[in-house]
Structures are given as structure tokens and as C-alpha cells.
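Written below as C-alpha cells is the structure these notes are about.
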Amino acid sequence: MGVVGVIDLYSPDTYVNGAPHEEFTRLRREDPVHWQDIPGQPGYWAVLRHADVVHVSRNPRLFSCEAGGVVLEDLDPERLARMRDMLLSMDPPRHISYRKPLAPEFAQRVIAGMGEQIRLITREIFTESKKLNDVDFVHDVVGPLPTQVIGQLFGLPEKDWEWLHRLAQMNTSGQDPDLNPDGDLSEAGSADSSMQMAMYGMASAADRRASDPQGDLMDVILGQEFDGRYLTDADIGSLLVQMITAGNDTTVTMMAGGLWALLDHPDQLTLLRNDPALIPSAIEEILRWFNPLHYFRRTATEDVVLSGAHIRKGDKVAMYYTSANRDEAVFADSQRFDITRSPNPQLSFGIGEHFCLGVHLARLEGRIFFEELLTSFPGIALTGKPERVRSNLNNGVKRLPVRLCP
Ligand code: HEM
């Protein structure tokens, strides 16, 4: 069962100083579907090659989301039931009937209409940053942005955005004692913060039903059938949790991780400053290099052999985007950060049925963010040591101390 004595891919500590890329490279070569133990519960197969991650993603009947959820830990029946009701963890055909009514709202053309609002939010944030000069880029600058955008998409009152942002952060950074001092550090995600967001979403849906439509996503959700029925307020609460959670830390990582990568590669930053038309391709390279999520999990529904590994029915299978994005079989000079890379089939948004619903929104936020950042601040420099979130799932940035010079 795999190579003995290699790094522990499960331990959140493994990722604190950056993903173990040397080990991933060796494993892709020697043991590309690698068995990893988990203390006190069944371990899992870590799928490390790009082609194998694509294969698992594209075969939802063989590799189920619903059977055991999408995180590595065994969940108690109540949490598993809640997770199964999330789009991210549904299997076909239910998944398709839930996703179908939402997809048009997240289409590129529709999302492009949010560009001006996103630019305004970004500019407001940078106006505040200009007063500070020395900032923690994660908390003082990018942190609140994605929740504000989702808040706007759903038509939620502005006064609630900051509170929602804090809940979202707790929900996805539960393994880091700094970010979740009272939480259960063994599990990815906090039930408590999810519950508070869900209750808030329920109340918001009820309020909207009782008032006039505003032409936003909330109205669309209230007026559409999902899987042959209209959603209840509780369903909408759950959907809001999913949107806020899915689009919060991931987007923050794209922005903060992106700036960190550019500061670490000054030649690439200069290239980008000299040619802002490269921003869309730089975003793709940032996502490849600093993918916001390390993995998502599936459960095998049959015995299957994958790159020589004998996976048994019921085994956990984790698709490691972090490794797939550096696969030398797909990316030339894969350990080089190159903002002109083309083609760039990075897997940070997944692929197949569950391909990120918010992909156009995330790319638009990223593009506008870097356009505004580079024009607002001709000088940006690190002023201390950046720190990562302690997590085996979120490849997040916890602190990025920088000086922003307007
Ligand atoms: C850089 C930012 C983002 C990254 C890296 C990211 C990444 C991902 C990944 C890896 C998946 C799962 C793919 C799979 O299982 O095959 C996913 C699904 C999803 N994402 Fe994102 N995401 C980002 C931003 C967003 C935003 C802004 C939103 C919404 C506002 C969003 C909403 C969703 C939803 C609803 C799903 C579930 C789709 C489904 O299961 O059909 N994401 N995302």
C-alpha cells in the first residue's frame, strides 16, 4: 500500500510552511494514487496526477460526493445529512436538477454585469487602505471583499456583511487555532457558524417573501423550482451558507496568495505592471500556483484500479488539485511561476459536473482587483513574514504584511 515513510498528507501542520511540492513530485512519479492514514478513522487514497484527478471528477457514478461528503473526515449522521443537501455534495441526477436553475444566474454574461459594482467595492476598500499605508493585506484589504460581493448578489443589507464575513472565515478555517480558538480543530468546518449563517439566510428569505422583489439572486431563487419544487426558507438558508462559504476564503486566497506570489517573483510583477493586458492570464497562473483548495473528496462506489492502486468500494478518494496543478506531464516547467503560461489547464475550480459555479464571478473579482491594485499602488513591498492558515483543505493566507505606497 504505497511508499513507506513519506510525508503525512493528512496533517494540517504539513501545509503550514507551504504545500510539500517536492514530496508531491516524487509521489506523482512513484506512487501517484497514494494511501494516507488518518488517526482514529479510515484513511484515504490521495490522487496526485492531473489525468487521474480529471478521471475521478468526471465519473461521479463511480466516485460519489454524496456517499461520504467532500471532506476527508467521517461526519456524524447529522452533519453528513446536512452536507448531502449541499450542491457541492450531491450526485446525479439530483445534482443536475439543483444546479440547472442557478447556472444561468452565474453565466459569464450575467456576472459581467456586476463588474461596475465590484469595481466600486474594490475602490472603496483601497481608499481606506491608502489611509493605512502598512497593512495586513488579508484582514485590512481583501478579507471583506468577497462577502460584500455575495451580499450584493443576494441583496443582503450592507450592515450585515462584516458579520457574515467573520462567520464564513470561521466556517472554513476551523483547523487553525488562531482563527478558531474555541473550535474542534480535528474537523474542517464549524457547525456553529454554518448554523448561524443558515438561520440568517432563512430569515432573509422570509423577509423577502414579505416585501417587493429587488431583481437579485434571492428573487430568482424564490421564483424557481429546484428538483421539481420551490425552495423553503430553510433550503435558502443552506444555499446562502454554500455560496458564502464557497466564495469567501477561496477568493481571498486568490487575491492575497496572488500578491504574495507576485512579490516573490518581482520579474513577473514588473511584467504585469508593464502590460496589464496580462492580468487574465496572470490570474490563471496564480490559481494554478496558489490554488485555494488543496483537495475535494469522493467515495468509490465500486472496486476500481486507478494508476495501479486497487481502490475498494467505500474507500475515500481525495483529488489533490495542489499536486495536479504542478504535474510535469501537463505543465512545462511546472515549478515555475509564469504569468504568460498558455495553455494553462489548472484544476483549481475542479472539472466536470461540480466545476465551480462561481468561476466567472471569481475571475471577474480577480481581474478587477488586480487592475485596481496595480493602478492604485505603484509601490508594494513585504514588511514581514507572511503566514498560512493551518489547514489540510484550505490553502489560505493568514497574514500578509505589506506596505502599500500610493
Ligand atoms: C478563486 C475562487 C474559487 C475557487 C478556487 C473555487 C473552487 C471550487 C472548487 C474546487 C469546486 C468544486 C469542484 C468539484 O468538486 O469538482 C467549487 C464548487 C463550487 N463553487 Fe467555487 N471556487 C471559487 C469561488 C467561488 C465563488 C465566488 C462562488 C459563488 C459565489 C463559488 C461557488 C461554488 C459552488 C456553488 C460550487 C458547487 C458547484 C457544484 O457542486 O455544482 N465558488 N469551487
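None of these values were measured; they are calculated from a predicted model. Note that ligands are numbered from 1 as they come in the structure, with each ligand's atoms numbered from 1 the same way.
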Requested in this report: State, without any angle test, whether Thr122 and Arg119 hold a side-chain donor-acceptor pair at a distance under 3.5 Å.
Outcome: no
Query raised in the report: Do other residues, nucleotides or ligands put more than 12 heavy atoms under 6.0 Å from the CD atom of Gln335?
Result: yes
Query - Any Gln242 heavy atom less than 4.0 Å to ligand 1 - result: no
Query - Thr232 and Asp235 side chains, donor-acceptor separation under 3.5 Å - result: yes
Query raised in the report: Which bit of Ile150 gets closer than 4.0 Å to ligand 1, counting heavy atoms only: side chain, backbone, both or neither?
Result: side chain
Query raised in the report: Does the ring center of Phe126 lie less than 6.0 Å from the ring center of Phe369?
Result: yes
Query raised in the report: Charged N to carboxylate O under 4.0 angstrom, Arg26 versus Glu22?
Result: no
Query raised in the report: Got the closest protein heavy atom to atom 13 (C) of ligand 1, with its distance?
Result: His354 O, 3.1 Å
Report task. Of the side chain and backbone of Arg298, name the one, both, or neither that has a heavy atom under 4.0 Å from an atom of ligand 1. Result -> side chain
Query raised in the report: Which residue and non-hydrogen atom of the protein lie closest to atom 38 (C) of ligand 1, and at what distance in Å?
Result: Arg99 NH1, 3.5 Å
Requested in this report: Pick, from Cys356, Pro60, Pro146, the option with the minimum heavy-atom distance to atom 22 (N) of ligand 1.
Outcome: Cys356
Query raised in the report: Contact between Pro292 and ligand 1, counting heavy atoms under 4.0 Å?
Result: yes
Query - Shortest protein heavy-atom distance from atom 11 (C) of ligand 1, along with the residue and atom involved - result: Phe296 CE1, 3.8 Å
Query raised in the report: If you measure from each non-hydrogen atom of Met90 to ligand 1, which part falls under 4.0 Å: side chain, backbone, both or neither?
Result: neither
